[in-house]
S.K.: 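Input: one structure, supplied below.
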Amino acid sequence: MRPRPEQVAELTRGAILPLPAMQDEHLLAIAEVLQRAFDQIRRDHPSEVAIGEEPAVTALLQARLNGLINQDAIWRQLVVSVGRGTESISFDGSHIERRPDLSIVLSDDRRFPLVAEAKILNAAAGQTLKRYCDNGLRRFLDGEYAWARREAFMLAYVRDGSTISPLLTTALSKAHGSKPDPYKVEEFPVQVGPATPPDLARSRHGRSFAYPKSQSHNPGPVSIWHLWLPATHRHSATAHPTPPVS
């Protein structure tokens, strides 16, 4: 794939990258709505959420998030729409059909959505944390997704009882001991805000790409907000709470 600087130049015309960081209170409000929407679809469609494929669960979540725009005044102030699989370009335009799972179009800048990538976590079915990191997290570090922003979301639809601590924290700590660290960890996951949502943490990672020469800054690190959503109620989960990291 060849770079397409004209695509990047047209998209970023007049913008100074990376965009200013979003306020934590806005990101926390978005996380709370994501949690609430997921809780609602889990209540209304328990079988699909518990055993359906990831695109099917994400489609339900997207529809509920868009429906909440008409119902929740704060959500409506922050968000214009939520897209699923919306085509986007990579940092240098070499890929022009990237499709992040959710693109949250914000009211203050509609060109560069807040991206949320989703993965099922169910170690017994081969849907492991390594896949979450290699096929999800790394897309933000390599400039495939959210390269104009300083933040993004990773969602986990948890079917095996996993929690961010210790599973993700331990895995990132182990990877950080490698040279080089494949996930470029600059800050390990720390809990964000109060206990709602219950499994929400933020980590910070370096990025391995550079903007075109027309931009005076490099992208700098990206903050990843990890929101892990139990696909069944915690008390009904039968799997071991900390499956192997493999």
Side-chain angles (χ1 to χ4, degrees), residues 18 21-22 27 30-31 34-35 38 54-55 57-58 61 84-86 88-91 95 98-104 112-123 125-160 162-192 197 199-210 218-231 242-246:
M22 292 181 65
L27 288 160
I30 289 169
L34 287 167
Q35 176 79 57
F38 186 83
E54 179 271 309
V57 179
T58 301
L61 182 59
R84 182 176 66 88
T86 304
S88 62
I89 69 173
S90 58
F91 78 98
H95 300 279
R98 288 301 187 213
R99 295 180 176 88
D101 289 321
L102 292 173
S103 296
I104 303 170
F112 303 104
L114 176 66
V115 170
E117 185 70 358
K119 291 287 180 283
I120 293 172
L121 283 182
N122 186 2
Q127 295 158 317
T128 63
L129 184 68
K130 181 172 175 54
R131 182 171 174 271
Y132 174 96
C133 292
D134 290 350
N135 296 342
L137 173 62
R138 286 197 59 166
R139 292 175 178 174
F140 298 108
L141 315 185
D142 297 339
E144 294 184 45
Y145 296 164
W147 46 270
R149 289 198 167 274
R150 301 175 192 253
E151 57 280 306
F153 272 87
M154 279 295 304
L155 307 180
Y157 306 146
V158 180
R159 294 177 177 172
D160 58 12
S162 299
T163 54
I164 293 172
S165 177
L167 188 64
L168 178 62
T169 305
T170 300
L172 291 181
S173 178
K174 182 178 179 180
H176 191 61
S178 304
K179 301 298 180 185
D181 176 357
Y183 309 123
K184 301 176 175 60
V185 179
E186 296 186 3
E187 182 179 77
F188 292 102
V190 293
Q191 182 177 328
V192 181
D199 209 6
L200 173 68
R202 178 183 59 215
S203 60
R204 189 176 69 243
H205 305 260
R207 293 194 272 194
S208 58
F209 61 94
N218 285 324
V222 60
S223 293
I224 303 296
W225 288 57
H226 304 269
L227 178 59
W228 286 23
L229 303 157
T242 54
V245 181
S246 60

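In this chain, residues are counted from 1 in sequence order. Only a predicted model underlies this, so the values are computations on that prediction, with no experimental measurement involved.
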S.K.: Within the 4.5 Å heavy-atom criterion, are D142 and L137 side-chain neighbours or not?
M.R.: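 Side-chain contact under 4.5 Å: no.
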S.K.: Once rounded to the nearest 0.5 Å, what's the spacing between atom CG of L121 and atom CD of E54?
M.R.: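 Going from the CG atom of L121 to the CD atom of E54 covers 11.5 Å.
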S.K.: Going by heavy atoms in the side chains, are R149 and P18 under 4.5 Å from each other?
M.R.: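 Contact flag for R149/P18 side chains = no.
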S.K.: Could you check whether any side-chain N or O of S178 sits under 3.5 Å from a backbone N or O of P180, counting only pairs where one atom can act as donor and the other as acceptor?
M.R.: no
S.K.: What residues form a ring-ring contact (aromatic ring centres under 6.0 Å, His included) with F91, not counting sequence neighbours?
M.R.: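 Here the qualifying residues are F209.
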S.K.: Backbone N or O of L141 within a donor-acceptor pair of the S208 side chain at under 3.5 Å?
M.R.: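 Checking the backbone N and O of L141 against the side chain of S208, a donor-acceptor pair under 3.5 Å is found.
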S.K.: Main chain of H95, side chain of S90: is a donor-acceptor contact present, judged purely on distance under 3.5 Å?
M.R.: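 Answer holds: yes.
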S.K.: Does R207 have any salt bridge (Lys or Arg N to Asp or Glu O under 4.0 Å) partners at least two apart in sequence or in another chain, and if so, which?
M.R.: none
S.K.: Check L200 against A31 and note the closest heavy-atom contact, atom names and distance.
M.R.: CD2-CB, 3.8 Å
S.K.: With rounding to the nearest 0.5 Å, note down the distance linking CZ in F38 to OH in Y157.
M.R.: 6.5 Å
S.K.: Looking at residues at least two apart in the chain, or sitting in another chain, which of them share a salt bridge (Lys or Arg N to Asp or Glu O under 4.0 Å) with E144?
M.R.: R98
S.K.: Taking the side chain as everything from C-beta on, heavy atoms only, tell me whether V222 gets closer than 4.5 Å to Y145.
M.R.: no
S.K.: Go through the side-chain N and O atoms of H205 and S203 and say whether any donor and acceptor fall under 3.5 Å apart.
M.R.: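 Result is yes, a qualifying pair exists.
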S.K.: Could you walk me through whether L27 and V192 satisfy the side-chain contact (heavy atoms from CB on, under 4.5 Å) test, starting with their C-alpha distance in whole Å, then the side-chain angles of each, then the deciding distance to 0.1 Å, before giving a yes or no?
M.R.: CA-CA 10 Å; L27 288 160; V192 181; over 6 Å; no
S.K.: Check for a donor-acceptor pair, side chain of D160 on one end and backbone N or O of S162 on the other, with a separation under 3.5 Å.
M.R.: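 Yes, because the side chain of D160 sits within donor-acceptor range (under 3.5 Å) of the backbone of S162.
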S.K.: Using a 4.5 Å cut-off on heavy atoms from C-beta on, say whether the side chain of L229 contacts that of P197.
M.R.: no
S.K.: Could you list the residues that satisfy side-chain contact (heavy atoms from CB on, under 4.5 Å) with K119, not counting sequence neighbours?
M.R.: D101, E117, R131, Y132, N135, R139, M154
S.K.: Can you find a heavy atom in the side chain of V115 that is under 4.5 Å from one in the side chain of I104?
M.R.: no
S.K.: Can you tell me if Y183 and D134 form a side-chain donor-acceptor pair at under 3.5 Å?
M.R.: yes
S.K.: So do the side chains of R202 and I224 get within less than 4.5 Å of each other, counting heavy atoms only?
M.R.: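 No. Closest side-chain heavy atoms not under 4.5 Å.
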S.K.: Please report the closest heavy-atom contact between R159 and I120, naming both atoms and the distance.
M.R.: NH1-CD1, 3.5 Å
S.K.: Report yes if the side chains of L34 and I30 come closer than 4.5 Å at any heavy-atom pair, otherwise no.
M.R.: yes
S.K.: How long is the gap from CG on N122 to CD on Q127, to the nearest 0.5 Å?
M.R.: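 Result: 5.5 Å between the selected atoms.
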S.K.: Quick one: salt bridge (Lys or Arg N to Asp or Glu O under 4.0 Å) partners of D181, sequence neighbours excluded?
M.R.: none
S.K.: For the CZ atom of F112 and the CH2 atom of W147, what is their distance to the nearest 0.5 Å?
M.R.: 5.5 Å
S.K.: Kindly say whether S165 contributes a backbone atom to a donor-acceptor pair with the side chain of T169 at under 3.5 angstrom?
M.R.: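 A pair under 3.5 Å: no.
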S.K.: Does some side-chain heavy atom of L102 sit less than 4.5 Å from a side-chain heavy atom of L61?
M.R.: yes
S.K.: Who are the salt bridge (Lys or Arg N to Asp or Glu O under 4.0 Å) partners of E187, not counting sequence neighbours?
M.R.: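 Partners of E187 under the salt bridge (Lys or Arg N to Asp or Glu O under 4.0 Å) test: R204.
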S.K.: Could you pull out the closest heavy-atom pair between C133 and L168, with the gap in Å?
M.R.: SG-CD1, 4.2 Å
S.K.: Nearest 0.5 angstrom please: R99 CZ to T86 OG1, how far?
M.R.: 10.0 Å
S.K.: In Å and rounded to the nearest 0.5 Å, what is the CD1 to CG distance from I164 to D199?
M.R.: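 I164 atom CD1 to D199 atom CG measures 4.0 Å (nearest 0.5 Å).
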S.K.: Considering all heavy atoms of both residues, which atom of S103 and which atom of P113 are nearest to each other, and what is their separation?
M.R.: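 Closest approach of S103 to P113, heavy atoms only: CB-CB, 3.8 Å.
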